**Q** 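Just passing along the structure, written as structure tokens.
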Amino acid sequence: MAEEGLIFHALDKNFYQQPTLELAVSLLGCILVKETEEGKAAGIIVETEAYVGPMDKAAHSYNNRRTKRTEIMFHEAGVAYTYVMHTHTLFNVVSGKKDNPEAVLIRAIEPVEGIDLMVKRRGMPESANLTNGPGKLTKALGINTSDYGHPLTEKPLFISQGFVPESISSGKRIGIDNSGEARDYPWRFWITGNRYVSRHQNAEKIIVLKDVRTNGGT
DNA sequence: TTCAGGATGCGC
DNA sequence: CGCATCCTGAAA
């Protein structure tokens with residue numbers, strides 16, 4: 001029940017200084033943590049998508065489009081990019097060098113702490129449905145547009161070192177069918193077989209990483 | 001499977 | 001103003 005007392009340690013700025021596609025992979029297995037007055041909630045990142053700035057028609061920052069909303073994507077890596085789509089908040093990790101508007105969308109997490117709080121916020125019993133989508137996980141964690149621009153190296157919203165996935169799959173991104181050729185880029189990544197992944201899709205490629213990398217570590 | 005909800009940006 | 005969108009839950 002009460003999985004309390006887990007200690008999370010925020011990854012430092014250097015972690016985010018890797019190319020966006022690599023960061024999207026490295027984030028898998030890391031822990032996303034949000035603390036509020038209601039309590040702490042955290043989950044393992046199990047699904048990501050890369051959005052690679054000016055040359056990616058699916059990115060908000062395509063063609064260096066710079067608006068009040070996309071402004072934070074031009075910031076140096078390691079801050080939060082939140083925005084509202086329809087009635088849901090989506091959470092991205094800004095990546096790339098300063099003035100390179102790139103980001104990684106967090107699409108799903110696996111709860112590890114504060115599950116009761118997530119159940120309460122989502123208004124439904126515990127199941128994979130709690131956090132298996134980009135709009136669902138923000139609601140479960142209490143992430144909203146007030147987190148826009150927040151450095152992910154600091155409380156109350158941060159990313160901690162976590163686990164090293166044994167296998168990562170990649171495929172086309174979700175929900176970007178009107179983005180021309182970018183539609184087919186295999187820039188979606190997920191932990192192979194994880195039950196919190198938002199949608200089933202045949203992997204174009206499976207990378208077995210066990211013993212090949214360390215996760216956010218030294 | 002379809003569809004509305006309703007924030008945000010952008011073109012007309 | 002009208003329309004599209006990195007989505008979700010409910011209805012059919």
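Only heavy atoms go into these numbers, but all of them, side chains included; no hydrogens, no water, no symmetry mates. Here is the naming used below: chain letters follow the sequence lines, and residue numbers restart at 1 for every chain. Worth saying up front: this structure is predicted, and the values here are computed from it rather than measured.
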**Q** In what stems does DNA chain B take part, counting only runs of at least 3 consecutive Watson-Crick or G-U pairs whose two distances fall under 3.5 Å?
**A** B:1-5 with C:7-11, B:7-11 with C:1-5
**Q** Shorter than 3.5 Å, N or O on both sides, protein versus nucleotides 1-3 of chain B: list them out with atom names.
**A**
none

**Q** Quick one: side chains of residues 84-100 of chain A, donor-acceptor pairs under 3.5 Å with protein atoms, not counting sequence neighbours, listed by atom name and distance.
**A**
{"unit_1": "A:N92", "atom_1": "ND2", "unit_2": "A:Y81", "atom_2": "O", "d": "3.4"}
{"unit_1": "A:S95", "atom_1": "OG", "unit_2": "A:T20", "atom_2": "OG1", "d": "2.6"}
{"unit_1": "A:S95", "atom_1": "OG", "unit_2": "A:A103", "atom_2": "N", "d": "3.4"}

**Q** Between A:T131 and A:L137, is there a donor-acceptor pair closer than 3.5 Å when you use the side chain of the first and the backbone of the second?
**A** no
**Q** When you list every nucleotide of DNA chain C with an atom under 4.0 Å from a heavy atom of chain A, which one comes first 5' to 3', and which comes last?
**A** C:dT5 to C:dG9
**Q** Taking only residues two or more places apart in sequence, or in another chain, which ones meet A:D12 in a salt bridge (charged side-chain N to carboxylate O under 4.0 Å, His left out)?
**A** none
**Q** List every contact pair, protein side and nucleotides 10-12 of chain B side both N or O, where the distance is under 3.5 Å.
**A**
{"unit_1": "B:dC10", "atom_1": "OP1", "unit_2": "A:R65", "atom_2": "NH1", "d": "2.4"}

**Q** Just jot down the side chain to side chain contact (heavy atoms under 4.5 Å, CB included) partners of A:T48, sequence neighbours excluded, or say none.
**A** A:A24, A:L27, A:L28, A:I45, A:V104, A:I106, A:F189
**Q** Hey, does A:R173 reach any base, or is it just sugar-phosphate, or nothing, if we go heavy atoms under 4.0 Å?
**A** nothing
**Q** Between A:E35 and A:A41 (side chain of the first, backbone of the second, donor and acceptor by atom type, cut-off under 3.5 Å), is there such a pair?
**A** no
**Q** Does A:K172 pair with A:D177 as a salt bridge, N-O distance under 4.0 Å?
**A** no
**Q** Tell me if a side-chain donor or acceptor on A:E49 pairs with a main-chain N or O of A:I174 at a distance below 3.5 Å.
**A** yes
**Q** Quick check: does any side chain N or O of A:Y148 sit under 3.5 Å from a backbone N or O of A:R69, one acting as donor and the other as acceptor?
**A** yes
**Q** For DNA chain C, what residues of residues 192-203 of chain A have any heavy atom nearer than 4.0 Å?
**A** none
**Q** Anything under 3.5 Å between a donor and an acceptor, one on a side chain of residues 118-129 of chain A, the other on a protein residue two or more places apart or in another chain? List them.
**A**
{"unit_1": "A:K120", "atom_1": "NZ", "unit_2": "A:E38", "atom_2": "OE2", "d": "3.3"}
{"unit_1": "A:R121", "atom_1": "NE", "unit_2": "A:E38", "atom_2": "OE1", "d": "3.2"}
{"unit_1": "A:R121", "atom_1": "NH1", "unit_2": "A:A140", "atom_2": "O", "d": "3.0"}
{"unit_1": "A:R121", "atom_1": "NH1", "unit_2": "A:L141", "atom_2": "O", "d": "3.2"}
{"unit_1": "A:R121", "atom_1": "NH2", "unit_2": "A:T36", "atom_2": "OG1", "d": "3.0"}
{"unit_1": "A:R121", "atom_1": "NH2", "unit_2": "A:E38", "atom_2": "OE1", "d": "3.2"}
{"unit_1": "A:R122", "atom_1": "NE", "unit_2": "A:L130", "atom_2": "O", "d": "2.8"}
{"unit_1": "A:R122", "atom_1": "NH2", "unit_2": "A:N129", "atom_2": "O", "d": "2.8"}
{"unit_1": "A:S127", "atom_1": "OG", "unit_2": "A:N129", "atom_2": "N", "d": "3.0"}
{"unit_1": "A:N129", "atom_1": "OD1", "unit_2": "A:K136", "atom_2": "NZ", "d": "2.7"}

**Q** Is the positively charged end of A:R173 above the ring of A:Y185, judged by distance under 6.0 angstrom from the centroid and angle within 45° of the axis?
**A** no
**Q** Quick check against the 3.5 Å criterion: does A:S61 have a side-chain atom that pairs as donor or acceptor with the backbone of A:P54?
**A** no
**Q** Residues of residues 83-100 of chain A with any non-hydrogen atom less than 4.0 angstrom from an atom of DNA chain B: list those, numerically ordered, please.
**A** A:V84, A:H86, A:T87, A:H88
**Q** Enumerate the salt bridge (charged side-chain N to carboxylate O under 4.0 Å, His left out) contacts for residues 137-153 of chain A, please, sequence neighbours excluded, ordered by first and then second residue.
**A** A:K34-A:D147
**Q** Please check if any side-chain donor atom of A:Q18 sits under 3.5 Å from a side-chain acceptor atom of A:S26, or the reverse.
**A** yes
**Q** Roughly how many Å apart are B:dA4 and C:dC3, using the C1' atom of each and rounding to a whole number?
**A** 15 Å
**Q** Hey, are A:E76 and A:K13 close enough for a salt bridge, meaning a charged N less than 4.0 Å from a carboxylate O?
**A** yes
**Q** If you count heavy atoms of other groups shown closer than 6.0 angstrom to CZ of A:R66, is the number above 12?
**A** yes
**Q** State whether a side-chain donor-acceptor pair under 3.5 Å links A:S198 with A:E47.
**A** yes
**Q** Using side-chain heavy atoms (C-beta onward) and a distance below 4.5 Å, is A:F15 in contact with A:C30?
**A** yes
**Q** Write down the distance between OH (A:Y148) and P (B:dT8), rounded to a whole number of angstrom.
**A** 11 Å
**Q** Give the minimum heavy-atom separation between A:A42 and A:F8, together with the two atoms involved.
**A** CB-CE1, 3.8 Å
**Q** Listed in order of residue number, which residues of residues 41-58 of chain A have a non-hydrogen atom at under 4.0 Å from DNA chain C?
**A** A:Y51, A:A58
**Q** For A:I44 and A:F163, run side chain to side chain contact (heavy atoms under 4.5 Å, CB included): C-alpha distance rounded to whole Å, both residues' side-chain angles, the deciding distance at 0.1 Å, then the answer.
**A** CA-CA 8 Å; A:I44 305 164; A:F163 308 92; 3.7 Å; yes
**Q** Please work out if A:L105 contacts a base, only the sugar-phosphate, or nothing of the nucleic acid, heavy-atom cut-off 4.0 Å.
**A** base
**Q** Using every non-hydrogen atom in the two residues, find where A:T192 and A:S167 come nearest and quote the distance to one decimal.
**A** OG1-OG, 2.8 Å
